[in-house]
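Here's the structure we're looking at; comments come further down.
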Amino acid sequence: MPGFTVPKDAADLNQILNNNKYVVIDFTATWCGPCRMITPILEQLSAKFENVVFVKVDVDELSDIAQEYAVRAMPTLYFMRDGEKVDDIVGANPGAITTKLQNLVA
C-alpha cells in the first residue's frame with residue numbers, strides 16, 4: 001500500500017528497519033515548507049517502489065530519533081538497506097531522490 005508508515009517511537013522504527021530490506025526515512029516537520037512540497041512526490045514514489053517502506057518521522061514529535069540520526073535540516077531522507085544507512089539526501093530534490101531510490105533497490 002503506497003504512503004507512509006509512521007513509527008510511534010524509536011523501538012517501533014527499529015522494528016520497521018529490522019523487518020524490511022529497503023526503507024526510506026523522511027525526517028520532516030509540520031512547519032517545513034519544502035517538506036510539505038516533497039510529501040506528494042514521496043507518496044507517488046512509494047506507489048512506484050512497492051518493495052520500499054517509506055517512513056515519516058516528525059522531528060518535533062520524535063526528537064530522540066532525529067537526534068540519534070543526527071538530523072540537522074528538513075527534509076532529510078535516509079536510504080536504508082538491511083537496517084543500515086547506505087545514502088542520504090538533504091533537501092527537496094525529486095530527481096536526486098528518484099535516483100537514490102533506484103540505486104537502493106538495484
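Sorted by first and then second residue, the pairs that involve residues 16-41 and meet salt bridge (charged side-chain N to carboxylate O under 4.0 Å, His left out), not counting sequence neighbours, are Lys21-Asp82, Asp26-Lys56. Sorted by first and then second residue, the disulfide (SG to SG under 2.5 Å) pairs with a member in residues 63-106 form an empty list; sequence neighbours excluded. A side-chain hydrogen bond (donor to acceptor under 3.5 Å, both in side chains) check over residues 91-106, counting only residues at least two apart or in different chains, returns the pairs Asp87-Lys100. Sorted by first and then second residue, the ring pair (Phe, Tyr, Trp, His ring centres under 6.0 Å) pairs with a member in residues 83-106 form an empty list; sequence neighbours excluded. Residue pairs meeting the disulfide (SG to SG under 2.5 Å) criterion with at least one member in residues 26-90, sequence neighbours excluded: Cys32-Cys35.
When each of Ile89, Ile25, Val57, Val71 is paired with Thr76, the side-chain contact (heavy atoms from CB on, under 4.5 Å) condition holds for Val71 and for no other. The side-chain contact (heavy atoms from CB on, under 4.5 Å) with Asn20 is formed by just one residue from the set Asn51, Val53, Val55; it is Val53.
Distance check: Phe79 CZ to Leu104 CG gives 7.5 Å after rounding to the nearest 0.5 Å. One finds the CE atom of Met80 at 11.5 Å from the CD1 atom of Ile16 (value rounded to the nearest 0.5 Å).
Considering every non-hydrogen atom in both Asp12 and Pro7, the closest pair reads OD2-CA, 3.2 Å.
For Asp58 (side chain) and Glu61 (main-chain N/O), a donor-acceptor pair under 3.5 Å exists by modelled atom type.
With hydrophobic clusters built from ILVMFWY side chains whose heavy atoms lie under 4.5 angstrom apart, Val105 shares a cluster with Phe54. Side-chain heavy atoms closer than 4.5 Å link hydrophobic residues (I, L, V, M, F, W, Y) into clusters, and following such links, even through other members, never connects Val23 to Val6.
For the pair Ile38/Leu77, no side-chain contact is recorded, criterion being any heavy-atom separation below 4.5 Å from C-beta on. Side-chain contact between Ile41 and Ile97: absent, with no pair of heavy atoms (C-beta onward) separated by less than 4.5 Å.
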Query raised in the report: Passes side-chain contact (heavy atoms from CB on, under 4.5 Å), Tyr22 versus Val86? Steps please.
Result: CA-CA 10 Å; Tyr22 305 115; Val86 295; over 6 Å; no
**Report entry** Worked check of side-chain contact (heavy atoms from CB on, under 4.5 Å) between Thr39 and Phe4
**Finding:** CA-CA 10 Å; Thr39 294; Phe4 295 98; 3.9 Å; yes
If you look only at distance, which donor and acceptor atoms sit under 3.5 Å apart when one is on a side chain in residues 62-69 and the other is two or more places apart or in another chain?
none

